[in-house]
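Below is one structure, written out as structure tokens; comments come after it.
As the structure is a prediction and not an experimental result, all values here were calculated from the model.
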Amino acid sequence: MKKTKMSANSGKAGTLSFVHAADLHLDSPFTGISGIDPELGERLAKATFQAYEAIIELCIEEEVDFLLIAGDVYDSADKSLYAQVRFIEGLRKLETAGIQVFICHGNHDPLDGWSASLTWPENVHIMKGNRAEVVEFKKDGETAAVIVGMSYPAQHIMKNLVKNFPKKEGNWPFTIGLLHCSVGSNPEHAPYAPCTLQDLRELNYDYWALGHIHTPSIVCKEAPVVIYPGNPQGRHSGENGARGCFVVDVSPGGDISTRFIETDSVRWHIREISIEGLEKEGELIESLQSQLDAIRENSGRRSVICSFALKGRGPLHHILRQEGFLEDLLRLLREGETWGRQFIWVDRIEDDTLFPVERELLLKREDFVGDLVKIVEGLKTDEKALDEFCEVLSPLFDSRNGRKHIARIDDEEMNYLLQRAENILLDALLTEEDNEN
């Protein structure tokens, strides 16, 4: 197979080092934010670009040999001119630093999408879409790595592209696979270019630089190392927690070390707050403000968008259900926030609380409520009864459509779901007077 050669003299002597990023989604809007302030909206519009700039600066600071971007540079095939220009500006900074860039495109930025007529810097190689391309990376005149990659020619690629990749040849040095794909099943993402871990292993590569899954994860730690770096900036509450990319160092002997580096400028948090033990509204406000203080203290000086989920049983339940109470509470927590370098925006407060009940007393009742609690208690304590219950549910998990979206439930999760179902039913059946008796 024909090889393309790219070379550079940058990097650390004696080692191979690179940054692995993916799913930049430049110019992607933040979604699902309630009551958004116009100034906040302007700050969020810059977040994906700030994360990209952090990746560029990381490459320069670490003096890496090259940057890998595993698909979805942009958020859509019809990417904006602004996003394209900003992307190329970052690549030019790497060119000045002598750092190469290897890019494959994914389902959000396929090769058949619109692109402006712009001049690309010479340090950039974009993988073709009609075949897997083999590119040699030369360092100090020697071939230090081989990168094999393939872009999406069109958006909806549902076939296994790994089957197009060649096996590692005997004379190849450290070999990297670069692809936007789905390894195994993940219900949170569409199965584009689906493959298995065994498919990757059979090619004998040393490292697979993947994209498409937005949560950072090391799929395989050795032989080969397989990593999803996730997206460098979370864009909605489902993409909460730290976001970033990986720095990878390869020793002269081929040993691989990886470091996850945070690049997000705005982070999403979801916090659960129990109302158990809280008697008055003021205690709830103090608890929420204490959480905000802790988030601000531990956020690494980055901005935060957070949501609170109120849980548990307690006397505050009926107060939380009063019309307008949560809206007033939300307005109170947002009040006085300024849009400086670091801000905290409380996006929403969800009420998942329930009436306080004495479950032991309910078990003694000789009525429908008592029967309900006894049934749940039996399922949680009687292994045979639980097995029979799971047998009734088995068609849900064994059907062809069911297997695509849900996995079998283990005993711990089943107990949690049973208790949750009991809570919901009791909340619907019991009145406050019942709970006081």
Using modelled atom types and a 3.5 Å cut-off, is there a donor and acceptor pairing between side-chain atoms of D382 and backbone atoms of G378? no
Write down the atom of L16, the atom of F66, and the distance for their closest heavy-atom approach. CD1-CE2, 3.8 Å
Side chain H20, main chain L210, donor-acceptor under 3.5 Å: yes
With the side chain counted from C-beta on, respond yes when P29 and D75 share a heavy-atom pair under 4.5 Å apart, and no when they do not. yes
So, does E133 use its side chain to make a donor-acceptor pair with the main chain of K128 at under 3.5 Å? yes
Hey, what do you get for CZ (R348) to OG (S237), rounding to the nearest 0.5 Å? 6.0 Å
Where R243 and P216 come nearest, the two heavy atoms and their spacing: NH1-CD, 4.2 Å
Side chains of L333 and Q289 in contact at under 4.5 Å (non-hydrogen atoms): yes
Ignoring hydrogens and angles, tell me if any N or O in the side chain of D72 forms a donor-acceptor pair with the backbone of H108 under 3.5 Å. yes
Nearest 0.5 Å, what's the CG-CG distance between L386 and N415? 6.5 Å
R267 side chain vs C306 backbone, donor-acceptor pair below 3.5 Å: no
Describe, in one word, how the ring planes of Y52 and F87 are oriented to each other, choosing from parallel (under 30°), tilted (30 to 60°) and perpendicular (over 60°). tilted
Look at the aromatic rings of F174 and Y207 and report parallel, tilted or perpendicular, splitting at 30° and 60°. tilted
Restricting to pairs with a member in residues 191-200, which pass salt bridge (Lys or Arg N to Asp or Glu O under 4.0 Å), not counting sequence neighbours? K163-D199
Which atom names give the shortest non-hydrogen contact between A154 and P110, and what distance separates them? C-CB, 3.4 Å
Greater than 12 external heavy atoms within 6.0 Å of R420's CZ: no
To the closest 0.5 Å, what do you measure between CD1 (I218) and CZ (F246)? 4.5 Å
Do side-chain atoms of K374 reach the backbone of R365 as a donor and acceptor pair under 3.5 angstrom? yes
When you compare the side chain of T353 with that of L316, does any pair of heavy atoms fall below 4.5 Å? no
Would a 4.5 Å heavy-atom cut-off, applied to side chains only, mark L363 and V373 as touching? yes
Flag yes if more than 12 heavy atoms outside Q198 fall under 6.0 Å of its CD atom; otherwise flag no. yes
Tell me if a side-chain donor or acceptor on H214 pairs with a main-chain N or O of N231 at a distance below 3.5 Å. no
Pair F30, W345 - check ring-ring contact (aromatic ring centres under 6.0 Å, His included), show working. CA-CA 13 Å; F30 277 53; W345 175 260; over 10 Å; no
Measure the CG-OG distance between D112 and S151 for me, rounded to the nearest 0.5 Å. 11.5 Å
Can you tell me how far apart CZ (F137) and CZ (F102) are? Round to the nearest 0.5 Å. 6.5 Å
Under a 4.0 Å threshold between the charged nitrogen and the carboxylate oxygen, would D351 count as salt-bridged to R321? yes
Could you go through D328 and R331, starting from their C-alpha distance and side-chain angles, then the distance that decides it, and tell me whether this counts as salt bridge (Lys or Arg N to Asp or Glu O under 4.0 Å)? CA-CA 5 Å; D328 286 345; R331 185 170 59 182; 3.3 Å; yes
With a 4.5 Å heavy-atom cut-off, do I99 and N123 have their side chains touching? no
If every non-hydrogen atom of T263 is compared with every non-hydrogen atom of C245, which pair is closest and at what distance? CG2-SG, 4.0 Å
So the salt bridge (Lys or Arg N to Asp or Glu O under 4.0 Å) pairs with at least one residue in residues 279-288 (sequence neighbours excluded) are none
Using 4.0 Å as the upper bound for N to carboxylate O, is an ion pair formed by D264 and R302? yes
Sidechain-backbone polar pair: E239 side chain, R235 backbone, donor-acceptor under 3.5 Å: yes
Spatial distance of atom OH (Y192) from atom CE (M158) [nearest 0.5 Å]: 4.5 Å
Is the shortest side-chain heavy-atom distance between Y74 and D27 below 4.5 Å? no
Please determine if E377 and R359 form a salt bridge, counting it only when a charged side-chain N lies under 4.0 Å from a carboxylate O. yes
Is the closest side-chain heavy-atom distance between I60 and L94 below 4.5 Å? yes
Give a yes-or-no answer on whether the side chains of S299 and Q342 include a donor-acceptor pair shorter than 3.5 Å. yes
Strictly below 4.0 Å, N to O, side chains only: are R259 and D249 in salt-bridge contact? yes
Quick one about E422 and Q419 (side-chain donor to acceptor, distance below 3.5 Å, no hydrogens or angles considered), yes or no? yes
Keeping the roles fixed (side chain from T175, backbone from Y205), state whether a donor-acceptor pair exists under 3.5 Å. no
pair D206-I176: side-chain heavy atoms closer than 4.5 Å: no
Sidechain-backbone polar pair: H180 side chain, A70 backbone, donor-acceptor under 3.5 Å: yes
